[in-house]
Amino acid sequence: MPPAGRVALDTPVGYLKGVGPIRAEAFRKLGITKAGDLLFHIPHRYEDASTISPISSVDVGMDATIVGKVISKGVLPTRKGLRIFQAVIQDRSGMLEAAWPGQPFLDRSIDKGDVLLLSGPVRFYHGRQLAPREYVNFGPDDPGAAPGRVFAVYPATEGLTFRTIRSIIDAHLDQLLARTTDHLPRAVLQELSLPALPDALRMVHRPTSIREAERGRDRLALDELMFLQLLHRRAHALARTARRGIRFVNKKELTTKLKSELPFELTGAQVRVLREIFADMCGDRRMHRLLQGDVGSGKTIVALFAALLAYENGYQAAIMAPTELLAEQHHRTLRRLLAPLEIEPLLLTGSVKTKTRAPLEARLKTEEPVIAVGTHALVQTTTAFGKLGFVAIDEQHRFGVEQRAALAKKGQAPDVLLLSATPIPRSLALTVYGDLDVSTLDERPPGRRPVTTVLRRESGREKVLAFVRSQVEEGRQAYVVYPVIEESEKSDLKAATTMFEQLSAGAFAGLRVALLHGRIPADQRESIMRQFRDGEIDILVATTVIEVGIDVANATVMLIEHPERFGLSQLHQLRGRVGRGAESSYCILLGEAGQESMERLELFASTDDGFEIARADLRIRGMGDLFGQQQSGEAMLRIADLVRDEKLNVLAREAAGKTLAGDAGLEKPQNAGLKRALSARFPRALELFRVG
Ligand code: ADP
Ligand code: MG
């Protein structure tokens, strides 16, 4: 036990004054075992009592903070047996009654003549009456000039109220702060003009204003983000040095030829990302890069150029898609584009029959250069590559980590390019995708017609369905999408199965309507999609299985029911399924939605920018929801928020970069504190800094 009154950062909380074994157990549930942990138990909100109102100005309905003397007090019983402590408070401007229902014990600690600060709502009860949420008793001495307060409200748990937590933290704060030193080098702090750690902690726990509390929080958030960035950067750097790759040579033969044969000019963004990709591929290190770009930004052609670079260096290249249909589509595109170069791409999917498959597989086993397109069949154990040098994985989020790893393991050490259609701001992408390099296509090829997006209420249903019908009668095709497959008793959502029956018998009677959802066996699903592609089906009633990159130019209507049920990025992917041909296209969101959802959907209808949409999605649904808790690194953060703190994250990234640039292993004395703090926070982190 430490000497009485002496508290160290590692003193067990159970030893602190005011904390016994029972409270210690409750603290443990909050993740607090040592006194120092209290410092990082950060308020989740504040009660702002920093602006004091004269009593005469206080009105019923206001939330007010007043300071005055107790001129009378007492405990009143009520009819229901509840006892209320009441006091009349007076300042220079007037008098006001304050009432604390159910807290008769206050009569013992609040005396006539005491000066109180009170903060809470004012209601009408035989006159104005304030119900304090918070109060401070300054005792009988005049506290002088207006002593405004900001009260910290802490995350609490059973057996430990936020007030108890507050009084315990408050009682030990000064001692704990006196033992806290900053781990960030002074130069970094100065550059970012952020407060030193002890100051920041004081600001967060005992702020004099909300602004100050925010400033303190920012500093703590920056710490966390910087830790995360240091870990990412270090992991990234180690992974890169460890990954020796093939050194391709940019011969400018086939790639130049392809460029001149293209029916269009590459966009500036395509040229830029290709430069990034080629630089990787021609370097020593193995490429591990993510290419992100909005629907229709032209990712496929970029992947093709990269594949061609591998090919002209005598290597095999593979492009993997999540569905057979998409693989077939890519194969057709590649065939067309590669025809002038006299290269015949191979197609390998699950439904390619064993007979045709055997010679394909035999060919992959040789060291002959080839460009192969396929599904996960490409990674099946039976498929071996003789000389795999490049792999592109389309719609990467559709693949499990293992499947991606399996393909990357084939061959010696192929360069890997992952494609993603959910583009997010660069600073975020670099955090989310940790050890990947990131290239971004932020420009769309010219000439694409925007899709007209509209929101329609239930009352407009008949008109909407009639419009869909008229489009089909003009020879177009349509998708109708539902959030669920079947109706359930728990919800009154319209479901694909029932609506398929209802629509084919009603509004779409006589048209060729088909049903498509995830519970239909994969081969049947593919064959339905194929029929739709070939124009043998007019209307596809479906769930989001159609979300992934399929391209049917004749489809001009995307009707989505219960749109509030979908994430905005998902809606954007669905919308991307139309507007691919010469005809005008429409995305119709049909349903009743609450005010909040309506605003979200209106934002979606008003923009066609995938970045803006992903950002809004992130704000609303959070990182974990979009990318998975683990992948986003969000799980590691307690204070910072990757979306809200985007600017801090950029600063943290720069600061981490500079720190590591001068001292990759955090070996220098000025970084010793940082290294210690980092390993205290992330015990496994030190491993990363042991090597090199
Ligand atoms: P996504 O990024 O969604 O995968 P795709 O690669 O499927 O986009 O490209 C969408 C369409 O745009 C394709 O039809 C493709 O041929 C076309 N395209 C790609 N690049 C260009 C360009 N630079 N100019 C004109 N059209 C392009
Ligand atoms: Mg695509």
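All residue numbers in this chain count up from 1 along the given sequence. Whatever order the structure lists ligands and atoms in, that order sets their numbers, starting from 1. Note that the structure is predicted; figures quoted are calculated from it, not measured.
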- Protein heavy atom at shortest distance from atom 20 (N) of ligand 1: Gln270 NE2, 3.0 Å
- Could you check atom 17 (C) of ligand 1 against the protein and tell me its nearest heavy-atom contact, residue, atom and distance included? Phe264 CE2, 4.4 Å
- Donor-acceptor side-chain pairing of Asn649 and Gln229 below 3.5 angstrom: yes
- Examine Asp551 against ligand 1 and note whether any of their N/O atoms are separated by less than 3.5 Å. no
- Element-labelled atoms of ligand 1 that are located less than 4.0 Å from some non-hydrogen atom of Glu265: 22 (C), 23 (N), 24 (N)
- Contact (N/O only, under 3.5 Å) between Lys299 and ligand 1: yes
- Please lay out, stage by stage, how Glu474 and Glu583 fare under the test side chain to side chain contact (heavy atoms under 4.5 Å, CB included). CA-CA 11 Å; Glu474 280 174 35; Glu583 310 289 335; over 6 Å; no
- Query: Hey, are Asp394 and Lys299 close enough for a salt bridge, meaning a charged N less than 4.0 Å from a carboxylate O?
  - Reply: no
- What protein heavy atom is closest to atom 9 (O) of ligand 1, reported as residue, atom name and distance in Å? Gly298 CA, 3.6 Å
- Grab the two heavy atoms, one from Leu465 and one from Leu503, that are nearest each other, plus how far apart they are. CD1-CD2, 3.9 Å
- Query: Hey, is atom 15 (C) of ligand 1 touched by any protein heavy atom at less than 4.0 Å?
  - Reply: no
- Looking only at distance, does Ile301 have an N or O less than 3.5 Å from an N or O of ligand 1? no
- Identify, for atom 7 (O) of ligand 1, the protein heavy atom at the shortest distance, and state residue, atom and that distance. Thr300 OG1, 3.6 Å
Name every donor-acceptor pair, under 3.5 Å, that has one atom in a side chain of residues 260-269 and the other anywhere in the protein, sequence neighbours excluded.
| from | atom 1 | to | atom 2 | distance (Å) |
| --- | --- | --- | --- | --- |
| Ser260 | OG | Lys257 | O | 2.8 |
| Thr267 | OG1 | Gln270 | N | 3.0 |
| Thr267 | OG1 | Gln270 | OE1 | 3.3 |

- Query: Should you measure from each heavy atom of Leu266, which atoms of ligand 1 turn up under 4.0 Å away?
  - Reply: 23 (N)
- Task: Number the atoms of ligand 1 from 1 as they appear, then name those within less than 4.0 Å of a heavy atom of Ser297, with their elements.
- Result: 2 (O), 8 (O)
- Message: Restricting to non-hydrogen atoms, name the atom on Asp294 and the atom on Asp609 that form the minimum distance, rounded to 0.1 Å.
- Response: OD2-C, 3.8 Å
- Polar-atom distance check: Gly296 versus ligand 1, any N or O pair below 3.5 Å? yes
- Query: Given the protein's heavy atoms, is any one of them under 4.0 Å from atom 1 (P) of ligand 1?
  - Reply: yes
- Sub-4.0 Å heavy-atom contact, Leu262 with ligand 1: no
- Task: Please identify which atoms of ligand 1 are closer than 4.0 Å to at least one heavy atom of Asp294.
- Result: 2 (O)
- Query: Which word best sums up how the rings of Phe532 and Tyr479 line up, parallel for under 30°, tilted for 30 to 60°, or perpendicular for over 60°?
  - Reply: tilted
- Message: I'd like to check which ligand 1 atoms, numbered from 1 as shown, lie under 4.0 Å from a non-hydrogen atom of Thr267.
- Response: 23 (N)
- Heavy-atom pair of closest approach, residues Ala306 and Phe390: CB-CZ, 3.4 Å
- Among Arg363, Arg335, Arg336, salt bridge (Lys or Arg N to Asp or Glu O under 4.0 Å) partner for Glu344: Arg335
- Item | Cation-pi check, Arg575 onto Phe604 ring (under 6.0 Å, within 45° of axis) | yes
- Closest non-hydrogen atoms of Thr375 and Gly350, given as atom of the first, atom of the second and distance, are OG1-N, 3.8 Å
- Message: To check your reading of the model: name the closest protein heavy atom to atom 12 (O) of ligand 1, its residue, and the distance in Å.
- Response: Pro445 CG, 4.3 Å
- Query: With the threshold set at 4.0 Å, does a side-chain nitrogen-carboxylate oxygen contact exist between Arg272 and Glu443?
  - Reply: no
- Task: Classify the side-chain pair Glu276/Ser439 by whether it contains a donor and acceptor separated by less than 3.5 Å.
- Result: yes
- Message: Is atom 27 (C) of ligand 1 near the protein, in the sense that some protein heavy atom lies at less than 4.0 Å from it?
- Response: yes
- Gly293 to ligand 1, any heavy atom closer than 4.0 Å: no
- Task: For ligand 1, indicate whether the residue Thr333 contacts it via side chain, backbone, both or neither (heavy-atom separation under 4.0 Å).
- Result: neither
- Message: Quick check on contacts: which atoms of ligand 1 are under 4.0 angstrom from a heavy atom of Val295?
- Response: 3 (O)
